[in-house]
Trainee: 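First the structure, then my questions, so here it is.
Heads up: numbering here begins at 1 and tracks the sequence.
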Amino acid sequence: MPDGDVRPATTREPKTVFGRGFLYDLWYFVDLGAALKPGKLQRYEVLGQPILLGRDGAGQVYALRDICPHRAAPLSAGKLVADAQGAQAVQCPYHGWTFRTGDGACSAIPSLAGDQEMESERIRVRAYPVRESQGLVFVYISADPRGVATPDHEPPTFEGVVGGAPKIVERMDFDSHLDHAIVGLMDPAHGPYVHQQWWWRSAAKQLDKAKLFEPREWGFAMARHAPSSNSRAYRILGGKPETEITFRLPGLRWEHVQVGPRQVLALTCLTPVNDAKTRITQVIWSDHWAFALLKPFIRAGARRFLHQDGDMVNLQNQGLRYDPPLLWIDDADKQAKWYQALKREWEASRREGRPFVNPVEATTLRWRS
């Protein structure tokens, strides 16, 4: 069979061991739509898979496996062309083979002589379902290694995408598996120690916290509440801010703040590059005046937060290399336990062909920070 990119269909075994494997049949954030210019081919790695993202001449975003099945050259090093049928296609830089952006089918093999027949369209590269929503680009990674599954749901949409283009975008790669990155960012007790700065919190002033958590679609949320009195950064918003913090599989965490009619949405997208690297992308939208006057300071604070978390991940890796058991306690680590339960339920529901049943129940968690 000439299809060099297609293997027999198999179903991956459950990979619910913490810190290993990934969830499939989900939409993963890859980049902002603004990063994809018409005709430009960009290479990404997601879940250890090389993915070419591009935007065709009509403005449509497409995603293909970034390996030519002929001689394994990256298609992203080639160029976008119109094939003989007028369809948009990516041309490999090595031998000029072209693959349609819509379905990944090979539409031309230039080296074939005129009397040589070959069903080139039987040769395909994997074409990933891709969506552009609210300026964000998501790629659907199927459990079927051939990538033929049709998504049964769409990427999430977020309340609070206001004020036009994002006010702040920050990125950083953490040298950790997705699981450790997620648990580290949702951990409510590390703030006074990892994020010590005058405008946020200090280890010297810690308070007892009690927050109501509720189930959400494929995740959970810290229900809307007034920020704690020792969270100084909220004071620049004035008024009486209220905030809700949500987590959703596979790796999306967002905080939606309302101050009267004004809003702030801070979305953190965790994209697993491979087993040992996770890309963190933080995107902030707002129609609040503070982001017009204080944008450089807010950006510096966001960048500082990411680097502090990244430094702690690197420090944690010194211990994780010995694969020690991890001791998690209630209530401070309850969100980490929920995350593992959500993963297990996602895999079980897909394996058994049934609807997802959220294992999280509404409860109030208490901790000190």
Trainee: Kindly state each residue pair satisfying ring-ring contact (aromatic ring centres under 6.0 Å, His included) with at least one member in residues 245-300, sequence neighbours excluded.
Mentor: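 Every ring-ring contact (aromatic ring centres under 6.0 Å, His included) pair that includes a residue of residues 245-300, provided the two are not neighbours, is Phe158-Trp254, Phe220-Phe247, Phe247-Tyr339.
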
Trainee: Below 3.5 Å, can you tabulate the donor-acceptor pairs from side chains in residues 82-90 to any protein atom, sequence neighbours excluded?
Mentor:
unit_1: Asp83; atom_1: OD1; unit_2: Gln85; atom_2: N; d: 2.9
unit_1: Asp83; atom_1: OD1; unit_2: Gly86; atom_2: N; d: 3.0
unit_1: Asp83; atom_1: OD1; unit_2: Ala87; atom_2: N; d: 2.8
unit_1: Asp83; atom_1: OD2; unit_2: Ser107; atom_2: OG; d: 3.1
unit_1: Gln88; atom_1: OE1; unit_2: Gly57; atom_2: N; d: 3.0

Trainee: Please name all residues satisfying salt bridge (charged side-chain N to carboxylate O under 4.0 Å, His left out) with Glu132, sequence neighbours left out, ordered by chain then number.
Mentor: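 If we apply the salt bridge (charged side-chain N to carboxylate O under 4.0 Å, His left out) test to Glu132, skipping adjacent residues, the hits are Arg55.
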
Trainee: Only counting residues at least two apart or in another chain, list the ones meeting salt bridge (charged side-chain N to carboxylate O under 4.0 Å, His left out) with Arg253.
Mentor: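 Expected list: none.
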
Trainee: Please list all pairs passing the salt bridge (charged side-chain N to carboxylate O under 4.0 Å, His left out) test where one or both residues lie in residues 95-112, with sequence neighbours left out.
Mentor: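 Non-adjacent pairs meeting salt bridge (charged side-chain N to carboxylate O under 4.0 Å, His left out): Arg100-Asp103, Arg100-Glu121, Asp103-Arg124.
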
Trainee: Holding to side chain to side chain contact (heavy atoms under 4.5 Å, CB included), I want the full list of residues that pass it with Ala276, two or more places apart in sequence or in another chain.
Mentor: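 So Ala276 forms a side chain to side chain contact (heavy atoms under 4.5 Å, CB included) with Asn274.
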
Trainee: Is there a donor-acceptor pair under 3.5 Å between the side chain of Arg279 and the backbone N or O of Thr271?
Mentor: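 Judged by distance alone, no pair lies under 3.5 Å.
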
Trainee: Check whether the ring centres of His177 and Phe18 lie less than 6.0 Å apart, and answer yes or no.
Mentor: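 Aromatic pair excluded; centres sit 6.0 Å or further apart.
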
Trainee: Side chain to side chain contact (heavy atoms under 4.5 Å, CB included) with His70: which residues, sequence neighbours excluded?
Mentor: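 Checked His70 against side chain to side chain contact (heavy atoms under 4.5 Å, CB included); matches are Cys68, His95, Trp97.
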
Trainee: Quick one: salt bridge (charged side-chain N to carboxylate O under 4.0 Å, His left out) pairs with a partner in residues 86-98, sequence neighbours left out?
Mentor: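 Applying salt bridge (charged side-chain N to carboxylate O under 4.0 Å, His left out) to every pair that reaches into residues 86-98, excluding sequence neighbours, yields nothing.
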
Trainee: Taking only residues two or more places apart in sequence or in another chain, which ones pass side chain to side chain contact (heavy atoms under 4.5 Å, CB included) with Ala221?
Mentor: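 Partners of Ala221 by the side chain to side chain contact (heavy atoms under 4.5 Å, CB included) criterion, ordered by chain and then number, come out as Arg216, Glu244, Thr246.
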
Trainee: Can you run down the salt bridge (charged side-chain N to carboxylate O under 4.0 Å, His left out) pairs that involve residues 355-369, sequence neighbours left out, and say none if there aren't any?
Mentor: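 Sorted result for residues 355-369: Asp208-Arg368.
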
Trainee: Look at the side chain of Trp346 and the backbone N and O of Tyr24, then say whether any donor-acceptor pair between them is shorter than 3.5 Å.
Mentor: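 At least one qualifying donor-acceptor pair exists.
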
Trainee: With sequence neighbours left out, which residue pairs that include part of residues 157-171 fulfil the salt bridge (charged side-chain N to carboxylate O under 4.0 Å, His left out) condition?
Mentor: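 Checked against salt bridge (charged side-chain N to carboxylate O under 4.0 Å, His left out) - neighbours excluded - the pairs reaching residues 157-171 are Asp31-Arg171, Glu170-Arg299, Glu170-Arg303.
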
Trainee: Taking only residues two or more places apart in sequence, or in another chain, which ones meet Gln116 in a side chain to side chain contact (heavy atoms under 4.5 Å, CB included)?
Mentor: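 For Gln116 the side chain to side chain contact (heavy atoms under 4.5 Å, CB included) partners, ignoring immediate neighbours, are Leu112, Ala113.
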
